Peer 1: 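The structure follows.
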Amino acid sequence: MTDFNRSVLPVAVRSNGATPNPWWANAVVYQIYPRSFQDTNGDGIGDLKGITSRLDYLADLGVDVLWLSPVYRSPQDDNGYDISDYQDIDPLFGTLEDMDELLAEAHRCGLKIVMDLVVNHTSDEHAWFQASRDKDDPHADWYWWRPARPGHEPGTPGAEPNRWGSYFGGSAWQYDPKRGEYYLHQFSRKQPDLNWENPEVRKAVYRMMNWWMDRGIDGFRMDVITLISKHLDGHGRLPGEVGSELSEGEIGEEGYTDAGPFCSDGPRLDEFLAEMRREVFEGREGYMNVGEAPGITPERNEFITDPAHKELDMLFLFDHVGVDQEGSKWNTVPFEVRNLRARLADQQEAVRNAGWASLFFCNHDQPRVVSRWGDDSDRESRELSAKAFGMLLHMHRGTPYIYEGEELGMTNAHFTKLDQYRDLEAINAYRQRVEEARCQSPESMMAALALIGRDNSRTPMQWDASRYAGFTAADAATEPWIGVNPNHVEINAAEEFDDPDSVYGFYKKLIAMRHGNATVATGEWNLVAADSEQVYSFTRTGGDDTILVMVNLTGRTARVPAEVARLLGNGVSESQVLLSTYDAVHGVKSIARGELARWEGVVIQL
């Protein structure tokens with residue numbers, strides 16, 4: 001089980017400029033997608049009681065924090081990221097009493113609970129939005145309402161206030177006949193954007209957040225929080241509106257302009273985040289808040305996560321998970337080690353003196369890294385590449401995040417038909433790009449979905465080799481909400497739990513190193529051999545202690561870079577190998593030969 005009474009890390013490697021060390025400096029977070037984690041009532045959908053039933057597994061793994069994707073009441077248009085009641089649990093997942101039980105049992109196990117929070121937008125079924133449809137209601141200005149363009153029939157093509165496209169396809173504007181105006185939705189039409197310019201909106205959000213914190217949760221992961229401040233002209237008009245002083249940009253291949261530059265990292269973002277800190281978190285201890293941060297640069301990450309600015313503890317940046325995409329998300333290009341290294345190095349360098357990094361490859365919006373950049377073609381390749389990417393991530397400076405099943409080496413779904421997908425983004429993107437804009441062929445779109453579609457990470461957790469992978473009872477009357485990956489027969493927790501050489505066993509070692517080694521937790525990070533085509537290497541230094549990490553991120557033998565060889569001098573002994581994707585003996589022999597085997601990674605005490 002985890003222990004939150006760990007010794008305070010030395011002042012010499014104090015993290016994030018905070019005194020004393022934030023508790024999350026050497027913590028590891030585990031993300032749970034409740035819908036796919038554990039079903040206890042046989043309806044094919046995971047639930048809160050299912051999470052509670054698996055706490056011993058999570059405590060054994062050694063993680064410290066559980067981040068739950070949304071379990072609030074919701075129409076489930078976007079799997080719960082469209083919230084209709086922030087202060088209730090959706091019946092799909094259970095009740096508020098089930099949530100209280102989960103909190104109590106998690107805390108008993110030494111695990112903290114962080115809830116996903118979506119406050120850039122709500123569901124269109126939320127009471128706030130329904131009230132805002134009346135222009136005379138006090139909530140009338142709680143969302144981004146705009147009239148049709150002059151000279152156009154409201155509700156017809158071209159009448160939208162500007163030409164912004166939604167991230168989920170189509171226009172970012174939806175006409176509402178009751179109000180006679182359009183509302184902005186950067187995502188689904190059932191996810192209208194809240195107007196954070198209105199102080200009453202912010203007050204209501206903070207009241208709700210305090211309600212949850214008082215109930216006993218340990219913080220929030222805030223969905224697309226960096227989109228809450230929009231760029232406006234001097235008269236409060238959005239880019240591209242009639243009379244606006246701001247241009248909305250060029251029309252893209254799907255027929256719309258990109259709202260991203262005008263909604264990401266807006267002019268009042270720092271003000272809003274600092275206000276949230278004061279109104280919700282000031283005076284509280286032991287919490288953690290992390291924001292999903294589309295459009296944020298590493299340099300801005302440093303500012304927002306610098307404790308002196310009192311905004312957020314961490315942000316999720318996305319530049320590194322776009323290295324296999326060019327232009328559109330759905331235009332995929334081959335993975336190259338140098339591109340990933342460049343992006344991660346930028347993130348690490350930006351927080352060298354202040355701020356903090358979040359470390360992740362997988363989450364509910366990203367595919368499985370072992371299929372995306374590794375090799376899942378056979379068991380040995382899958383296990384080795386899963387360990388290689390795990391080592392690379394967890395040896396960086398920052399807080400690592402594990403997505404459910406990542407610790408088992410779970411793979412992409414390998415769906416071949418569109419009707420196997422459940423994700424709104426995937427289905428809409430296919431329709432938009434293939435059938436409407438005709439800017440992508442059906443074959444290339446299906447290949448892109450199979451590689452990076454969000455449902456790849458949403459298939460049920462693979463607990464055992466039974467019919468439904470132990471996610472729900474083998475004789476359940478209702479099948480899981482999305483197909484179980486057939487490879488659950490070989491890849492599952494029961495198979496790996498007691499095997500120290502499994503991917504699960506390897507992740508336990510990674511977590512233990514972060515807990516027990518101050519240099520791994522917060523030591524200085526320095527890149528080594530920046531030009532290698534195959535090997536990603538760096539050092540971690542704390543005081544007189546230096547650790548070398550080098551990982552071959554390819555399925556081919558790689559030469560040890562010359563810069564690394566110089567650091568190793570006359571070679572290494574087995575006692576210096578702190579961790580290996582193979583074993584210490586193999587690592588010593590590889591280094592003696594001046595090469596790394598395929599997917600070989602070693603952590604060496606210098």
Side-chain angles (χ1 to χ4, degrees), residues 74-78 81-84 118-198 200-201 224 227-228 230-233 235-244 246-263 266 424-425 427-433 435-437:
S74 165
Q76 303 295 323
D77 185 61
D78 185 26
Y81 283 86
D82 50 317
I83 299 170
S84 58
V118 191
V119 288
N120 174 72
H121 48 266
T122 69
S123 166
D124 65 346
E125 297 182 31
H126 196 290
W128 297 346
F129 182 78
Q130 289 299 314
S132 80
R133 298 174 70 197
D134 181 350
K135 292 182 181 180
D136 296 322
D137 190 277
H139 295 82
D141 192 33
W142 282 40
Y143 295 82
W144 292 93
W145 290 101
R146 291 293 189 271
R149 295 184 77 85
H152 290 76
E153 178 69 23
T156 62
E160 297 86 0
N162 66 18
R163 294 174 295 181
W164 281 353
S166 160
Y167 290 115
F168 286 177
S171 172
W173 295 95
Q174 180 68 26
Y175 181 67
D176 178 58
K178 179 178 179 180
R179 172 144 171 164
E181 291 184 321
Y182 288 85
Y183 62 84
L184 174 67
H185 61 92
Q186 292 186 72
F187 298 90
S188 161
R189 64 178 178 80
K190 290 184 67 63
Q191 294 172 296
D193 278 41
L194 282 164
N195 178 13
W196 274 67
E197 299 290 321
N198 186 332
E200 295 305 312
V201 170
V224 295
L227 303 185
I228 59 176
K230 277 63 169 174
H231 289 261
L232 305 172
D233 74 3
H235 301 281
R237 291 175 294 220
L238 292 165
E241 279 193 78
V242 172
S244 177
L246 302 175
S247 168
E248 62 187 310
E250 298 296 321
I251 295 177
E253 62 181 357
E254 295 180 10
Y256 298 95
T257 58
D258 182 8
F262 309 106
C263 297
L424 185 69
E425 180 191 46
I427 296 167
N428 284 356
Y430 186 94
R431 184 186 69 242
Q432 176 82 31
R433 297 182 63 78
E435 298 175 353
E436 295 179 6

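Fair warning: this is a prediction, and the values are worked out from it, not measured in the lab. FYI, side chains are in, hydrogens and waters are out, and symmetry mates aren't considered; it's all heavy atoms of this structure.
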Peer 1: Quick one: CG on N162 to CZ on R237, what's the gap to the nearest 0.5 Å?
Peer 2: 13.0 Å
Peer 1: Give me the atom names and distance for the closest heavy-atom approach of T257 to G249.
Peer 2: CG2-O, 3.4 Å
Peer 1: Under 3.5 Å, is there a donor-acceptor pair between the side chain of E160 and the main chain of G158?
Peer 2: yes
Peer 1: Nearest 0.5 Å, what's the CG-CZ distance between N428 and R433?
Peer 2: 13.0 Å
Peer 1: How many angstroms lie between atom CD1 of I83 and atom CD of Q76, to the nearest 0.5 angstrom?
Peer 2: 10.0 Å
Peer 1: State whether the side chain of Y182 and the backbone N or O of G155 hold a donor-acceptor pair below 3.5 Å, judged by distance alone.
Peer 2: yes
Peer 1: NE2/H121 to CG/L184 distance, rounded to the nearest 0.5 angstrom?
Peer 2: 11.0 Å
Peer 1: A quick test of your reading: do over 12 heavy atoms of other residues, nucleotides or ligands sit less than 6.0 Å from CD of E250?
Peer 2: no
Peer 1: Test side chain to side chain contact (heavy atoms under 4.5 Å, CB included) on E197 and L232 and set out the steps.
Peer 2: CA-CA 10 Å; E197 299 290 321; L232 305 172; 4.1 Å; yes
Peer 1: Please report the closest heavy-atom contact between Q130 and E125, naming both atoms and the distance.
Peer 2: NE2-CA, 4.1 Å
Peer 1: Rounded to the nearest 0.5 Å, what's the gap from OH on Y81 to CD on Q191? Could you check?
Peer 2: 11.0 Å
Peer 1: Between E248 (side chain only) and R163 (backbone N and O only), is there a donor and an acceptor less than 3.5 Å apart?
Peer 2: yes
Peer 1: Pair Q186, D193 - check side-chain hydrogen bond (donor to acceptor under 3.5 Å, both in side chains), show working.
Peer 2: CA-CA 7 Å; Q186 292 186 72; D193 278 41; 2.7 Å; yes
Peer 1: State, yes or no, whether a side-chain contact exists between S171 and S166 at a heavy-atom distance under 4.5 Å.
Peer 2: no
Peer 1: Of the non-hydrogen atoms in P192 and S123, which two are nearest, and what is the gap between them?
Peer 2: CD-C, 3.8 Å
Peer 1: One thing to verify: whether R189 and D77 come together as a salt bridge, which I'm taking to mean a side-chain N less than 4.0 angstrom from a carboxylate O.
Peer 2: no
Peer 1: Walk me through whether D233 and H235 qualify under side-chain hydrogen bond (donor to acceptor under 3.5 Å, both in side chains).
Peer 2: CA-CA 5 Å; D233 74 3; H235 301 281; 5.8 Å; no
Peer 1: Short question: side chain of H185, backbone of F187 - any donor-acceptor pair under 3.5 Å?
Peer 2: yes
Peer 1: Can you see which heavy atom on G255 is nearest to which on I251, and at what distance?
Peer 2: C-CG2, 3.5 Å
Peer 1: How are the rings of H231 and F262 set to each other: parallel, tilted or perpendicular (split at 30° and 60°)?
Peer 2: perpendicular
Peer 1: Apply the test side chain to side chain contact (heavy atoms under 4.5 Å, CB included) to residues W145 and S132: give CA-CA distance (whole Å), side-chain angles for both, the deciding distance (0.1 Å), then the verdict.
Peer 2: CA-CA 9 Å; W145 290 101; S132 80; 3.2 Å; yes
Peer 1: Within the distance-only criterion (no hydrogens, no angle test), does the side chain of D78 pair as donor or acceptor with the backbone N or O of D82 below 3.5 angstrom?
Peer 2: no
Peer 1: Apply salt bridge (charged side-chain N to carboxylate O under 4.0 Å, His left out) to R179 and list each qualifying residue two or more places apart in sequence or on a separate chain.
Peer 2: E181
Peer 1: Could you walk me through whether L194 and T122 pass side chain to side chain contact (heavy atoms under 4.5 Å, CB included), step by step?
Peer 2: CA-CA 7 Å; L194 282 164; T122 69; 3.8 Å; yes
Peer 1: Looking at every heavy atom in both V119 and W196, which two are closest together, and how far apart are they?
Peer 2: O-NE1, 2.8 Å
Peer 1: Among W128, Y143, W173, F129, which residue satisfies the ring pair (Phe, Tyr, Trp, His ring centres under 6.0 Å) criterion with Y183?
Peer 2: F129
Peer 1: Check Q432 against G169 and note the closest heavy-atom contact, atom names and distance.
Peer 2: OE1-C, 3.8 Å
Peer 1: Does P150 offer a backbone N or O that forms a donor-acceptor pair with the side chain of H152 under 3.5 Å?
Peer 2: yes
Peer 1: What verdict does the side chain to side chain contact (heavy atoms under 4.5 Å, CB included) test give for T156 and Y175, after you've listed the backbone C-alpha separation in whole Å, the side-chain angles of each residue and the deciding distance to 0.1 Å?
Peer 2: CA-CA 9 Å; T156 62; Y175 181 67; over 6 Å; no
Peer 1: Counting only N and O atoms by type, is there a donor-acceptor contact under 3.5 Å from the side chain of R149 to the main-chain atoms of P161?
Peer 2: yes
Peer 1: Check for a donor-acceptor pair, side chain of W142 on one end and backbone N or O of N198 on the other, with a separation under 3.5 Å.
Peer 2: no
Peer 1: What is the distance from atom SG of C263 to atom CH2 of W164, rounded to the nearest 0.5 Å?
Peer 2: 4.0 Å
